[in-house]
Amino acid sequence: MEQMDLLQAFEIIVDKAKNSSLGEKFYEKTDSYLGFVSDKLDISKRASAIMALFADRCDDSHIQFSDFTDFLGCRILSLLRYANEIQELVDKEYICRNRDEGFYYTIPMEVMEAFQHNERYNPMDVEELTARELFDKFDELFTKCRRRKLDRQILKKKLRALVRKNENLAFVKAMSSFDIDDEDTEFSLFLLFCTLFVIDGDDDIRYHDLEFLYEEGEADWRWAKRDLSQGDHLFLVEKFIEYTNDDGFVDRESFKITDDAKKQLFSELNLSSMRGSRPKGGMLSFEDISPKQLFYNSKEQRQVEELTSLLDEEHFQRIKNRLKEANFRSGFACLFYGAPGTGKTETVLQIAKKTGRDLIQVNVSEVKSMWVGESEKNIKSIFDDYKKKVKQLAKAPILLFNEADAIIGKRQVGAERAVEKMENSIQNIILQEIEQLDGILIATTNLPENMDKAFERRFLYKIQFEKPDLNCRTQIWQAMIPPLNDADASYLAVKYDFSGGEIENIARHFTIQTILHGQPENMVKFLVEFCEIERLEGSRTKRKIGF
C-alpha cells in the first residue's frame, strides 16, 4: 500500500464492486483499499466505496443512483441505504447534488484535480479579504448555484464561513443591525441582494433574480414572494430594500436596496462609482466608441445614412410621437443582414456614436444557457433592464442582438423536446417584447433565410449588407493600407472578391509583419501572399470577422 495513490485505490475498488451488490464479501476484499481512501479523504469506508463509484464516472455531469444498479447487480433500493454516505460526500464537497431535474450528482473539476495529485480536496479557506474580494467570492458562489453546480445547502455553508472569517469588515459588522441570523433562510437572500448591487449595480432586482435560491415549489419561496409583494417581508420592514418607482407608480415586483442601507453597508466601497453602472448585458457609452470610416455600396450608403438621420434625437422623438398618434408601434426594431465581414456590427457602433446613444450589446451565447428554463429568464431580464434604462437616460440606448441567428430562426412546429420548447419560448418572449418596444433594437444576422416570418414582419427597418463592389473594395484597401497607390489597390480589388472584414484581417497581418521586419520591397507581392492564405482559410471555414 506504500505506493498506492487515490486513483489506483478507486480503480481497484470499482473493479471489485462489479456485480458485488456492495455485499459483505466486497467489503472483505477491499477493506485495505477502503481504509486507505477513508484515511486520505477523512470519510467512512462505506462513503469511500461510493466515492470510488462516483470518481469512475467523473466525466458525467448527470450521475444518478440508477447508473450504478446494472454495474453493481443490485436494485436501486439497495443503494438507497447509502443516503447517509451520500450526504457525507456532499458535506465534504466531494460531490454536488441537484434535485431540480431528476436528482443527479456531479463531481467538481477541482475535486478530481486534487485526487489526481493524490491529495484530499480542501475547500479554499478565505479570510482577511477586502470588501470587494468578499463580494467577488459571493458572486462566484451565487453564479455556481444559479447554474446548478453548487448545492444550496453547501452555498449557505460557504456564505456563512466567508462572513464569519471576515468579521473585521465594516460590511459584516453592519449586517448585525439588520438582525439577520446566518442560520436562517433569509441570510442567503440578504447577501444575494447585496451582491447584485455591488457587482452589477442592480437597482431593479426581480423575482427571477432570486428564485434559484429555493427549490421549485418550495413553501419558503411562496411565503417569501407573498411577503415581498404585500410589503410584510422583514427586508422591507427593516428598510433594507424598497420597491422601485416607475413614473410615480410603485412596482411591487421590482426591488432595490435603500439609499440608507447602501450607506450603512457599503462604506468600504466606492458607491459613487457603482451608481449608474452598466446593466446586465453590459452597456457601452457612445463616448467610448472609436470613430471609424466605413465604406458601403451605394444602396447601403443611402439606407445607413437615412437610418442614422431617423435616430437623431430630434427626428426620433418627432417620429415616435407621430406613430403613437396613429396608433402604431413607436419602437424602432431594425434588422441588419448579410454575409460575415460586411460591416453590420461596426455600422451599429458608428450609428450609436453619431447619434450619441449608448449601446447595450447582448451576448446570445450567454443568454442561451444550457439549463432549461434559465434562458427564458435571461431574455426577460434583458428587456426589463433595457426598459429601465430607456426611462433613466436622456436618450434611449440601442439594444443590439449581435449574430442573432440562434434566437430569431424558424420556430419548431409540434416541439416536444425540452430544448425545442425552450427555443420557441425564447422567440415568443422576444416577439412580444418587440411589439411593446419603446426604444431601439437592432439585430444582426448572417442567415436571413432561416429567420421566422413573424420576426421579419416586426422589423420596421431592414438593411441588406452585401459584399463591397469593385469601387468600394478599392477604397477599403487604400483606407486600410495607406501606402498603396491607386493602381495597386485597384489590382487587389479586382483579383480578390473579399469582404471588408477579410481585407481588414489581411491589413492586420501586413501591419504586424511591417512592424517586425520593416516595409517590404514589393508590397503587392507581399500582400498577395496574405490574400492567398486568407482565401484558402475562407474556403475551409465560414469566417465571422467583426468589421
Side-chain angles (χ1 to χ4, degrees), residues 200-201 273-297 300-317 331-338 340-367 382-383 385-404 437-446 459 461-463 465 468 472 475-476 479-482 499-505 507-508 511 544-547:
D200 293 333
S273 69
M274 288 187 287
R275 293 185 188 279
S277 63
R278 59 174 175 77
K280 296 172 186 175
M283 186 157 73
L284 176 65
S285 170
F286 72 92
E287 295 175 338
D288 295 330
I289 298 172
S290 300
K292 186 173 184 178
Q293 184 180 12
L294 298 179
F295 300 91
Y296 305 100
N297 298 332
E300 295 158 15
Q301 182 78 40
R302 289 194 303 272
Q303 290 177 307
V304 170
E305 289 177 353
E306 181 180 336
L307 179 59
T308 305
S309 176
L310 289 173
L311 296 185
D312 176 78
E313 184 63 11
E314 183 179 346
H315 294 161
F316 180 68
Q317 290 299 332
F332 267 64
C334 311
L335 179 71
F336 291 179
Y337 65 98
T342 50
K344 300 183 293 296
T345 303
E346 189 61 47
T347 296
V348 181
L349 291 170
Q350 295 307 312
I351 288 176
K353 179 74 174 178
K354 291 176 182 177
T355 59
R357 298 185 185 278
D358 296 334
L359 186 75
I360 300 174
Q361 182 164 335
V362 178
N363 186 327
V364 174
S365 62
E366 288 182 3
V367 168
I382 286 167
F383 280 103
D385 292 336
Y386 179 69
K387 292 172 188 174
K388 198 80 174 178
K389 286 300 174 186
V390 169
K391 292 178 180 178
Q392 290 175 347
L393 299 175
K395 291 183 180 180
I398 296 172
L399 180 62
L400 169 61
F401 278 82
N402 202 24
E403 295 186 0
L437 184 70
D438 191 32
I440 304 159
L441 181 149
I442 301 179
T444 70
T445 177
N446 299 328
F459 286 115
Y461 216 84
K462 307 178 187 72
I463 300 179
F465 286 73
C472 191
Q475 294 181 62
I476 295 173
M480 295 289 179
I481 306 176
S499 69
E502 289 169 318
I503 297 173
E504 183 177 37
N505 202 38
R508 288 194 189 112
T511 302
K544 288 186 178 180
I545 303 171
F547 167 66

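Numbering of residues begins at 1 and proceeds along the displayed sequence. What you are looking at is a predicted structure, and each value in this text was computed from that prediction instead of being measured. Computed over heavy atoms, backbone and side chain alike; hydrogens, waters and symmetry mates excluded.
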Are the side chain of [X] and the backbone of [Y] linked by a donor-acceptor contact shorter than 3.5 Å?
{"X": "Ser309", "Y": "Glu305", "result": "no"}
{"X": "Thr445", "Y": "Glu403", "result": "no"}
{"X": "Lys353", "Y": "Ile289", "result": "yes"}

Of all residues at least two apart in sequence or in a different chain, which pass the side chain to side chain donor-acceptor pair (under 3.5 Å) check with [X]?
{"X": "Tyr337", "answer": "none"}
{"X": "Ser285", "answer": "none"}
{"X": "Asp438", "answer": "Lys320, Ser330"}
{"X": "Gln350", "answer": "Glu346"}

Over all atoms of both residues, closest heavy-atom pair of [X] and [Y]:
{"X": "Thr308", "Y": "Ile351", "answer": "OG1-CG1, 3.5 Å"}
{"X": "Gly500", "Y": "Ile476", "answer": "CA-CD1, 4.1 Å"}
{"X": "Pro468", "Y": "Ser499", "answer": "CD-CA, 3.8 Å"}
{"X": "Pro397", "Y": "Ile360", "answer": "CG-CD1, 4.3 Å"}

List for me each residue that meets ring-ring contact (aromatic ring centres under 6.0 Å, His included) alongside Tyr386, sequence neighbours excluded, and say none if there are none.
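Tyr386 satisfies ring-ring contact (aromatic ring centres under 6.0 Å, His included) with no other residue.
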Under the ring-ring contact (aromatic ring centres under 6.0 Å, His included) rule, collect the residues that match up with Phe316, sequence neighbours excluded.
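Phe316 satisfies ring-ring contact (aromatic ring centres under 6.0 Å, His included) with Phe332 once adjacent residues are dropped.
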Reported [atom1]-to-[atom2] distance for the pair [X] and [Y], which is rounded to 0.5 angstrom:
{"X": "Leu359", "Y": "Leu400", "atom1": "CG", "atom2": "CG", "value": "5.5 Å"}
{"X": "Lys388", "Y": "Leu393", "atom1": "NZ", "atom2": "CG", "value": "12.0 Å"}
{"X": "Thr342", "Y": "Ile463", "atom1": "OG1", "atom2": "CD1", "value": "11.5 Å"}
{"X": "Asn402", "Y": "Thr444", "atom1": "CG", "atom2": "OG1", "value": "3.5 Å"}
{"X": "Glu300", "Y": "Leu307", "atom1": "CD", "atom2": "CG", "value": "13.0 Å"}

For Lys395, what residues pass the salt bridge (Lys or Arg N to Asp or Glu O under 4.0 Å) criterion, not counting sequence neighbours?
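Per chain and number, Lys395 pairs via salt bridge (Lys or Arg N to Asp or Glu O under 4.0 Å) with no residue.
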Salt bridge (Lys or Arg N to Asp or Glu O under 4.0 Å) with Glu313: which residues, sequence neighbours excluded?
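With sequence neighbours excluded, Glu313 shows a salt bridge (Lys or Arg N to Asp or Glu O under 4.0 Å) to Arg357, given in chain and number order.
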In chain order, what residues pass the side-chain contact (heavy atoms from CB on, under 4.5 Å) check against [X], with sequence neighbours excluded?
{"X": "Ala479", "result": "Phe295"}
{"X": "Phe286", "result": "Asp358"}
{"X": "Asp312", "result": "Glu314, His315"}
{"X": "Glu306", "result": "Leu310, Tyr461"}

Are [X] and [Y] packed together at the side-chain level, in the sense that at least one heavy-atom pair is separated by less than 4.5 angstrom?
{"X": "Thr347", "Y": "Phe465", "value": "yes"}
{"X": "Ile503", "Y": "Ile481", "value": "no"}
{"X": "Gln361", "Y": "Leu284", "value": "no"}
{"X": "Val304", "Y": "Phe336", "value": "no"}
{"X": "Cys334", "Y": "Leu441", "value": "no"}
{"X": "Leu399", "Y": "Ile382", "value": "yes"}

